[in-house]
Structures are given as C-alpha cells and as structure tokens.
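Below is one structure, written out as structure tokens; the observations come after it.
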There are 2 protein chains.
Amino acid sequence: MDYLEERLPQNSAPEAGLSGSQSVDRALGLLSLIGREPAEGLPLGEIVSGSGLNKPTTRRLLLALMRAGLVEQEPQTRRYCLGEEAFVLGVLAARRHGLLEIAMDGLRRLSAETQDTSFLTVRRENYAICLHREEGTYPVRTHALQAGDQHPLGVGAGSLAMLAALPDDDVDRVIVANEAVLLARYPGFAPDALRVDIAETRARGFSLNPGRLVASSWGIGRAFRYPDGRVAGALSIAAIDSRMAPGRQAELAVPLAREAERMEALLAEMFVSKRAGRPMAAAMPRSIETGRAAR
Amino acid sequence: MDYLEERLPQNSAPEAGLSGSQSVDRALGLLSLIGREPAEGLPLGEIVSGSGLNKPTTRRLLLALMRAGLVEQEPQTRRYCLGEEAFVLGVLAARRHGLLEIAMDGLRRLSAETQDTSFLTVRRENYAICLHREEGTYPVRTHALQAGDQHPLGVGAGSLAMLAALPDDDVDRVIVANEAVLLARYPGFAPDALRVDIAETRARGFSLNPGRLVASSWGIGRAFRYPDGRVAGALSIAAIDSRMAPGRQAELAVPLAREAERMEALLAEMFVSKRAGRPMAAAMPRSIETGRAAR
DNA sequence: AGAATAAGGTCCATATCATGGACTACCTGG
DNA sequence: CCAGGTAGTCCATGATATGGACCTTATTCT
C-alpha cells in the first residue's frame with residue numbers, strides 16, 4: 001500500500017441527509033478504515049489521508065476509539081490497529097450473526113473430503129472478506145488467502161462467486177466503484193475481464209480463479225443466499241493448479257454445491273426460528289454508500 | 001433482567017479530562033451496553049435508562065451506529081442488537097487478538113481427553129465473558145455457560161480463576177464495583193463468599209465452582225497471563241457434579257494446568273515475534289472507568 | 001555532528017454541530 | 001374509546017467538535 005491512495009468510499013451521495021452525529025460517523029468510518037489493514041495497522045498520516053479528515057480531528061477520534069478499546073496504538077511503531085474490544089464485540093455479535101459458526105461444519109467436511117483448503121467469505125460493501133480458512137490435509141497448500149484478507153468483489157474464487165450472484169445493476173455499481181483500485185492494484189482483474197468471469201461463473205454454476213492472484217493457486221467458489229435472496233457469503237476451495245484440472249473442478253463442485261445449499265437451509269431455519277416468517281433481520285437499507293461525511 | 005437497573009459504569013471519576021469527543025464516547029458506550037445482551041437485544045427505553053442519556057440523543061447515536069452496521073434494529077420487536085459489521089470487525093481484529101485461535105487447540109485437547117466441555121473466558125472490566133465453549137463427548141452435558149455469556153468476575157469457574165489471579169487491590173476494586181449486582185442477582189456469590197473462594201482458589205491452584213450458579217453444574221478453572229503478568233484469560237472445564245468428585249478434580253487439574261501453561265508460552269511467543277522485547281501492546285491504561293460522560 | 005525533513009502530536013478561538021425539552025404517533029390492555 | 005407506555009421526531013440554543021497554526025520527536029542527508 002502506498003502511492004495512489006484509495007480513500008474511504010468517497011460517498012457519491014452528495015451530502016445526503018445531515019446525520020446529526022457527524023463525529024460519530026467519522027469515528028466509525030475510521031474504525032472501518034483501520035479494519036482494512038488488520039495485520040499491520042495504519043500510521044496516523046495514512047489514516048488522515050485515507051479518511052479525508054484533518055490531523056487533529058482524526059487524532060481526537062482515534063483517542064475516543066482507543067478509550068473504548070476498539071483501537072489500539074502500537075507504542076513502538078505508533079500505528080493504529082483494531083483493539084481487543086473489537087475482537088470481543090465480534091464474539092458477542094457472533095451469537096446473532098454466526099455465519100462462521102454455521103459454516104464451520106461444512107468447511108470441515110469440505111476440507112476433509114477434498115484434502116484441500118476451504119474458505120468462508122462474506123461481502124462487505126464492494127469488498128469480499130475472508131472470514132475463515134479451514135486447512136486441508138494435502139501437503140502442498142496455497143496460502144494466498146488468510147482469514148481477514150480483503151479484496152475487491154470479483155477478485156478470488158469466493159469473491160467472484162458473490163459478485164456473479166448479484167443482480168446486474170449491483171454488479172455494475174460494484175465494478176464502477178472498484179475500477180480505480182482494480183486497475184491500479186489488481187492486474188489481470190480489469191473491469192472487462194471481470195465481466196467475462198461473471199458470465200462464465202453464471203454459466204458454469206461455480207466460479208473459477210485460475211491462479212490469477214497468485215500463480216499456481218487456483219480456486220473454485222459458490223455463493224449462498226439468505227432466505228430473502230440477498231447474497232450471504234460464499235464457500236470456496238483452493239489448491240495448487242495441478243489439483244484443479246477441469247475434471248477435478250467438476251468433481252469438487254459437487255460437495256461445494258451441497259454445502260452451499262446446506263448453508264442456505266441453515267440460514268432459512270435460523271430466520272424462521274427467530275422471527276415468525278418475517279422477511280429479514282437486516283432488511284433495512286445498509287446501502288452501498290456508508291453515509292460517510294466525505295467532504 | 002428487569003427492575004434494579006445496573007447502569008453503565010457510572011464513572012466514579014468526576015469528569016476526568018474533557019475528552020473532546022463526548023458524542024463518540026457516548027456512542028461507543030451504547031455499543032458496549034448493547035453488547036451485554038447479545039442474544040435478545042435491548043429496547044430503546046432500556047438503553048436510555050441504562051446509559052443515562054436522554055431519548056433523542058440515544059436514538060441519534062443509535063442511528064449512527066446502525067449506519068455503520070455495528071448495531072441493527074429488529075424491525076419486529078424494535079430492539080437494538082449488535083450488527084453484522086461488529087461480527088466482521090471481530091474477525092478482522094482476531095488477527096491480532098487471536099486468543100481464541102490460540103486457545104482452540106488446547107480446548108479441543110482438553111475436551112477430547114476429559115470428555116467434558118471446556119471453555120475460554122476473558123476479562124472485560126469487572127466482568128468475565130465466555131468466548132468459546134468446546135463440547136465434550138460425554139452424553140450428559142451442562143449448558144450453564146454459552147459463548148458470549150457474561151457474569152461478574154468471580155461468578156463461575158473461569159471467572160473466579162481470573163479474579164483470584166488479580167492483585168489484591170484489583171480484587172477489591174472489582175468486588176466493590178460489582179457488589180450491587182452480586183447481591184441483587186447472584187445469590188450465593190455475596191462479596192464475602194467470593195473472598196473465601198479466592199483464598200481457596202489461590203491455595204488449591206485452580207478454581208472450583210461447586211454448582212453454585214446452576215445446581216449440579218460444577219466446574220474448575222485456571223487463569224493464564226500475558227508475558228507482562230497481566231491476566232489474559234482463563235480455561236475451564238465443566239461437568240455434572242457426579243463427574244467432579246475431589247479425586248477427579250485433581251485429575252482434571254493436571255491437563256488444565258498444562259494447557260494454561262501452554263497458552264502462556266504461546267502468548268509469549270506471539271509478543272516477541274511481533275515486537276522486539278517491548279513490554280506490551282495494550283499497556284496503555286484502558287482504565288476501569290470507561291470514560292463515560294455520566295454527568 | 002548538526003541541519004533538514006517528515007511524521008506524530010497538541011492548543012485554543014470559533015462557529016458548527018450535538019443537545020434535550022417538548023411534542024406526536026403508535027400500540028396494548030381495560 | 002381512553003389511559004398508560006413506548007418509539008420516534010423537531011428545532012432553538014449553546015455547549016462541543018473543528019482545524020489552522022504550532023510544537024516535538026524520530027530519521028535522513030551532508
């Protein structure tokens with residue numbers, strides 16, 4: 001990460017509705033920004049430029065986040081990163097949003113059956129986040145994707161599966177939003193290439209990443225949906241190219257599809273049990289633009 | 001939960017230092033408050049009284065949290081609960097604060113060896129939070145403790161182990177802070193009883209909960225520390241009383257101690273690898289009072 | 001060494017933004 | 001149909017967050 005900053009969503013909506021809590025919005029924006037670099041953390045300067053805020057404001061908000069334990073500052077490097085409280089909150093939230101819990105069994109089965117590494121990925125705005133990586137037993141493994149890694153939607157097997165599962169206008173919005181990043185940092189994933197991938201994914205029934213992110217590291221993926229049709233996430237399997245010949249792809253696609261369908265069944269169950277037949281929990285907008293006060 | 005509200009920390013510090021971001025502090029306070037009821041969520045009224053803020057302010061801050069996806073509102077019940085984004089953030093933060101990841105192997109070993117259910121618990125202010133529950137194979141299992149459950153420090157095996165591991169003045173502070181809650185909602189865990197438990201725990205080398213929270217559901221626990229001596233968390237094992245006779249307690253204490261020591265070794269490793277021999281990441285205060293603007 | 005650059009961090013007068021009293025809307029039970 | 005309770009909104013006011021200017025500490029260059 002370096003030159004050619006991509007900034008926060010940069011809210012296309014031109015100052016939608018005065019929120020009435022600018023500073024909270026800004027602080028939570030910083031939180032999300034810091035979440036993008038979970039491994040290393042970010043230095044103040046980058047947070048400043050990445051958020052579009054000025055230094056004192058950024059620092060003041062960071063202090064508030066640190067008081068709450070959501071952010072910590074490495075005393076040595078002075079970089080800011082997610083704090084322990086963020087982790088704990090996540091565990092608490094997992095009770096309701098326990099995609100991972102639900103998926104674990106399936107991932108374990110996939111990896112046991114195929115000997116390869118399997119993944120759970122979810123969408124977050126225009127990005128895909130890997131939530132879990134379940135190691136396979138096969139000795140040669142690809143480590144192209146770790147839990148917490150984030151790539152633009154369409155980059156990687158699970159990520160592509162989710163993008164292809166979206167309605168066409170959403171696809172367009174996402175690709176447009178990511179265009180700059182794709183061109184700058186993901187050679188081989190130009191918008192046009194992605195559109196071809198999407199068509200192929202839809203025709204084939206599963207997505208394929210032919211080692212385009214890391215050479216020789218191939219993967220196939222399949223999305224699954226909430227009962228109301230929204231894309232909930234994707235399961236994927238990765239292996240070295242020699243274990244991903246077309247024949248084996250088709251072979252792997254069977255258990256992959258089975259587990260994805262199982263996920264949909266589990267999610268359906270989860271929602272009827274919780275609320276009597278209502279459409280959805282998070283049916284409220286949660287729109288593409290996070291309502292960032294970009295200015 | 002009902003009458004006899006216990007409110008947010010209610011900041012003993014009388015307006016410490018003007019934070020410069022009151023609203024952010026307040027919003028994050030709400031987030032933590034909502035995190036206390038991860039299963040059901042909280043209605044607006046309870047958040048209002050629990051936070052000490054007034055309704056419009058509370059609502060405005062909740063809207064901000066919802067915009068960020070950290071909080072969701074059940075459309076049916078109108079209750080507010082942690083949102084999907086909180087879950088995702090947690091997964092991201094797990095990369096650095098991966099206590100759970102580190103502990104999983106140990107928990108699996110414990111449950112496999114003993115056939116009983118084992119737990120990872122961490123401290124959060126004056127409370128203990130159960131982060132994971134690893135099922136044992138023995139057919140009669142106690143479900144007194146679930147992932148995400150919170151009890152005052154000292155209530156429950158792991159929780160008591162952590163309290164007993166604190167220096168005496170911290171113990172006092174915690175017990176004083178929890179006194180009201182303990183008396184009101186945890187019969188059998190009166191402050192004096194806790195002090196006896198602590199002494200016994202220290203003498204014995206592990207904590208024991210003799211079915212005091214849920215009858216017949218016994219447990220033993222042992223805390224482990226960060227390299228700098230701070231308590232990091234506790235491991236515990238629970239079973240029905242018939243499987244917790246003194247003889248078996250001593251037997252179980254062996255693998256429990258082994259795994260706790262392993263945790264300390266892993267944590268030590270984690271910190272040297274990350275930062276060359278510096279004291280600690282979260283060495284900054286993170287004081288008992290959350291800096292709430294209680295007014 | 002010492003100067004120069006850059007990044008992290010803080011101050012404080014100003015006006016913008018968050019505040020909360022008062023109001024309305026909507027249920028639920030009697 | 002009304003009483004009581006809860007959820008949610010409005011908007012004038014002043015307390016609060018803002019950001020330009022300034023200070024401090026590390027690192028690089030000569």
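Below, chain A is the first sequence line, B the second, and so on; all start at residue 1. The figures that follow rest on heavy atoms only: side chains count, while hydrogens, waters and symmetry mates do not.
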field: Whole-Å gap separating C1' (D:dA17) and CG (A:Asn54)
entry: 11 Å
task: Taking only Lys NZ, Arg NE, NH1 and NH2, and the carboxylate oxygens of Asp or Glu, determine whether B:Arg124 and A:Glu85 approach each other closer than 4.0 Å.
output: yes
- request: Side-chain contact test, heavy atoms from C-beta onward, threshold under 4.5 Å: evaluate it for B:Pro43 versus B:Thr77 and give yes or no.
  value: no
- request: Provide the closest heavy-atom pair for B:Ala165 versus B:Val231 in the form atom of the first, atom of the second, distance.
  value: CB-CG2, 3.7 Å
- prompt: For the residue pair A:Phe189 and A:His151, is the inter-centroid distance of their aromatic rings smaller than 6.0 Å?
  reply: no
- line: Going 5' to 3' through nucleotides 5-12 of chain D and flagging B where a protein heavy-atom sits under 4.0 Å of the base, S where only the sugar-phosphate is that close, and - otherwise, we get --BBBB--
message: In this structure, how many angstroms lie between the P atom of C:dA18 and the CG atom of B:Asp25, rounded?
response: 14 Å
task: Identify the two heavy atoms, one from B:Ala268 and one from B:Pro227, that lie closest to each other, and give their separation to 0.1 Å.
output: CA-CG, 3.5 Å
Protein-nucleotide distance (B:Leu53, atom CG; C:dG21, atom C1'), rounded to Å: 15 Å
task: Look at B:Glu74 together with A:Arg96 and state whether they make a salt bridge at an N to O cut-off of under 4.0 Å.
output: yes
- request: Taking all heavy atoms of A:Ser159 and all of A:Leu153, pick out the closest pair and write down the distance.
  value: OG-CA, 3.2 Å
- request: Can you tell me the distance, in whole Å, between the CD atom of A:Gln22 and the P atom of C:dC17?
  value: 5 Å
message: So, does A:Ser23 get its side chain near the phosphate of C:dA18, meaning an N or O under 4.0 Å from OP1 or OP2?
response: yes
- prompt: Within this structure, what is the CG-to-P distance between A:Leu42 and C:dG8, rounded to whole angstrom?
  reply: 11 Å
Which pairs, protein N/O on one side and nucleotides 27-29 of chain D N/O on the other, fall under 3.5 Å?
none

field: Residues which pass side-chain contact (heavy atoms from CB on, under 4.5 Å) with B:Ala64, listed by chain and number, not counting sequence neighbours
entry: A:Ser21, A:Val24, A:Asp25, B:Arg67
- prompt: For the side chain of A:Gln150 and the backbone of A:Ile129, is there at least one donor-acceptor N/O pair under 3.5 Å apart?
  reply: no
What pairs of nitrogen or oxygen atoms, one from the protein and one from nucleotides 27-29 of chain C, lie under 3.5 Å apart?
none

task: Tell me what A:Thr57 touches on the nucleic acid: a base, only sugar-phosphate, or nothing, going by heavy atoms under 4.0 Å.
output: base
- prompt: In chain order, what residues pass the side-chain contact (heavy atoms from CB on, under 4.5 Å) check against A:Arg133, with sequence neighbours excluded?
  reply: A:Thr117, A:Phe119, A:Glu135, A:His143, A:Gln146
- prompt: Within the distance-only criterion (no hydrogens, no angle test), does the side chain of B:Glu72 pair as donor or acceptor with the backbone N or O of B:Glu84 below 3.5 angstrom?
  reply: yes
message: Looking at every heavy atom in both A:Ala144 and A:Val214, which two are closest together, and how far apart are they?
response: CB-CG2, 3.7 Å
- prompt: To the nearest angstrom, how far is A:Leu62 atom CG from D:dA17 atom C1'?
  reply: 15 Å
Degree of bending, the helix from C:dA1-D:dT30 to C:dG30-D:dC1 (end axes from five pairs; round to 10°): 40°
- prompt: For the residue pair A:Ala68 and B:Leu28, what are the closest heavy atoms and their distance?
  reply: CB-CD1, 3.6 Å
